[in-house]
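Written below as structure tokens is the structure these notes are about.
Chain naming here is simple, since letters A, B, ... match the order of the sequence lines and numbering starts at 1 in each.
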Amino acid sequence: MKRRDFATLSDDELLQQLESGADTAFIEIYNRYWEKLLAIGYYHTQDKQAAEDIVQEVLVGLWDRRNDLKINVLEAYLATAVRFAVFKAIARDRRKRELLAGKELAAHSWNLEEKLEARFLEEYLRGVVEQLPEQARLVFTYRRQEELTIAEIAGKLDLSPKAVEYHMTKALRALKQAVQKIKLFFV
Amino acid sequence: MTDHQVEELIRKYAEQTASPEEVRRLMDWYRLVPVQQTPWPSTHPDEKQQVQHRMLQRLRQGTVPQKKVRHHSWLRAAALLILVVSAALLVLLVSKPFSSSFVTVANSSGQLRTVQLPDGSTVWLNAASTLRYARAFKQTRALELEGEAYFDVKRDESHPFQVKAVGVETTVLGTTFTIKAYANDTVATVSVLSGRVKVGRAGKELAVLTPALQLQVDRDGLLPQIAKVDTAAVVAWKKGVLLFDGAPLSDIAKVLERWYGVQIEFANSSLQACRYYMSFDQSTPLEMLLPTIAEITGMQYRIQHQNMVITLSGDACR
């Protein structure tokens with residue numbers, strides 16, 4: 001495919017191309033979103049260099065995960081990614097200032113960025129859960145978030161335990177597909 | 001909300017200790033973005049374009065594989081073999097404790113990179129160049145270079161900073177300078193942007209350079225020549241520009257070969273001495289650059305071997 005043809009593709013089509021490793025699709029995504037991402041980054045940090053770094057982080061993240069994450073809606077993914085990149089930039093800036101001021105760093109300040117990254121993936125996966133069919137979503141939420149037993153869920157939803165297990169398997173499969181290669185804390 | 005409040009909310013949010021109310025406040029703060037009304041504070045008119053450009057360059061270097069040319073399948077096989085062998089060598093080297101005290105940074109064609117040295121100095125490494133240095137500097141901050149690099153050296157009078165490149169030794173205490181010393185070039189150059197730079201060979205001093213001076217040394221180290229240079233032109237590559245300031249076509253071809261990872265040949269060797277003024281952005285694709293060069297020089301070009309070899313032909317300089 002010629003480079004100019006990529007400009008006419010929809011976001012969904014670009015995502016497909018990206019998953020198959022087309023760097024031209026990646027460049028087109030960059031061309032489409034860089035200005036918006038940069039503006040968001042700058043607005044929140046009021047720092048040009050930080051804004052550039054944020055755009056970089058979001059896009060490098062997209063490229064690195066192109067095969068691992070099943071991204072459904074590009075714009076939604078980027079919106080979440082840039083929000084977390086902004087949070088991380090703010091956390092990073094704070095840590096730098098505290099270090100410069102010679103302040104003793106609280107234990108938490110060190111891995112805040114890592115924790116934010118984990119929350120980003122978690123939030124992204126939650127989005128995947130929300131898109132599950134009603135029954136599967138309910139079963140998954142009861143099991144994982146409220147830690148109900150299969151029997152309890154069966155009683156609550158008026159289903160047989162076998163059906164609960166079926167929906168649970170379905171939810172897990174969707175999530176596994178969403179993370180494919182990366183092993184996460186979540187599943 | 002004050003900055004401090006935002007920072008605290010982000011910390012709580014990351015640690016999952018924020019109450020639902022706090023999460024809502026943080027998200028409200030984030031979403032309240034009149035993004036369209038946030039202008040990029042440019043110091044000059046095309047700054048934003050430069051930002052767009054610079055980010056793309058960085059992304060290309062960091063993500064997209066540097067494959068500007070298609071290789072023959074046998075070339076690919078050869079490349080793979082080299083890769084496997086060098087990986088094996090690397091494993092061997094790394095597993096030897098004494099070797100791991102050195103760091104080697106190598107750029108392929110079309111790649112620029114900045115390297116932070118243990119003493120706080122910074123090196124910009126041009127395409128097709130290799131830099132080697134000790135993980136922990138001793139009395140002398142010793143480095144080896146093959147190719148082209150720009151050095152911004154942190155001042156430390158008690159630890160001289162010394163770069164060895166094709167036999168040329170450059171010693172400084174704290175300055176900015178560039179060295180161009182490719183193995184397949186007939187001359188090596190050292191150019192100074194700030195401070196004082198001592199250049200020697202085999203322990204013998206060749207020159208002490210001050211800003212805007214360039215030393216040219218040939219292979220045998222005979223007849224070193226000092227000339228005044230335009231320092232902006234010397235470091236143009238570092239700013240994303242392929243700049244040729246009255247350079248002979250043979251030099252231009254070498255730069256293009258290194259940047260695009262191709263081979264450039266001349267049908268008529270007298271063409272190599274023709275001098276030209278031209279400048280290109282480093283992101284210009286080769287297929288766009290070649291017609292421009294043909295237009296400027298009045299030469300014809302032919303692309304062969306699946307874009308690997310480019311032959312320039314013409315009658316005389318123009």
Evaluate B:R54 against A:Q56 for side-chain contact (heavy atoms from CB on, under 4.5 Å), listing each step before the verdict.
CA-CA 10 Å; B:R54 184 165 61 227; A:Q56 205 75 17; over 6 Å; no
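- Put simply, CD1 on A:I90 and CG on B:L9 are 10.5 Å apart, with the number rounded to the nearest 0.5 Å.
- The side-chain heavy atoms of B:I10 and A:L116, taken from C-beta on, include a pair separated by under 4.5 Å.
- With a threshold of 4.5 angstrom between heavy atoms, A:E57 does not approach chain B through any atom at all.
- Counting heavy atoms of neighbouring residues, nucleotides and ligands inside a 6.0 Å radius, atom CZ of B:R155 exceeds 12 of them.
- B:Y13 and A:F87 have perpendicular rings, their planes meeting at more than 60° on a 0 to 90° scale where under 30° would count as parallel.
- Heavy atoms from other residues, nucleotides or ligands lying under 6.0 Å from CG of B:D3 number 12 at most.
- Rounding to the nearest 0.5 Å gives a distance of 6.0 Å between CZ of A:R83 and CZ of B:R31.
- For B:F280, the CZ atom sits in a packed shell: over 12 heavy atoms of surrounding residues, nucleotides or ligands are nearer than 6.0 Å.
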From CA spacing to verdict: ring-ring contact (aromatic ring centres under 6.0 Å, His included), B:H53, A:W34
CA-CA 10 Å; B:H53 206 82; A:W34 73 273; over 10 Å; no
Determine, stepwise, if the pair B:E7 / A:R95 fulfils salt bridge (Lys or Arg N to Asp or Glu O under 4.0 Å).
CA-CA 10 Å; B:E7 285 167 5; A:R95 199 184 58 210; over 6 Å; no
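- Annotation: side chain of B:Q16 is not in contact with side chain of A:K115 (no heavy-atom distance under 4.5 Å).
- Sparse packing is recorded around CE of B:M288, with 12 or fewer heavy atoms of other residues, nucleotides or ligands lying under 6.0 Å away.
- B:E15 and A:R119 are not joined by a salt bridge, as no carboxylate oxygen comes within less than 4.0 angstrom of a charged side-chain nitrogen.
- A:L38 places a side-chain heavy atom less than 4.5 Å from the side chain of B:K48.
- Using a 4.5 Å cut-off on side-chain heavy atoms (C-beta onward), B:R58 and A:D53 make contact.
- Residue A:K88: no heavy atom, backbone or side chain, is found under 4.5 Å from chain B.
- For B:E21, the CD atom counts as densely surrounded, since its 6.0 Å shell holds more than 12 non-hydrogen atoms of other residues, nucleotides or ligands.
- The CD atom of B:Q52 lies 5.0 Å from the OH atom of A:Y30; values are rounded to the nearest 0.5 Å.
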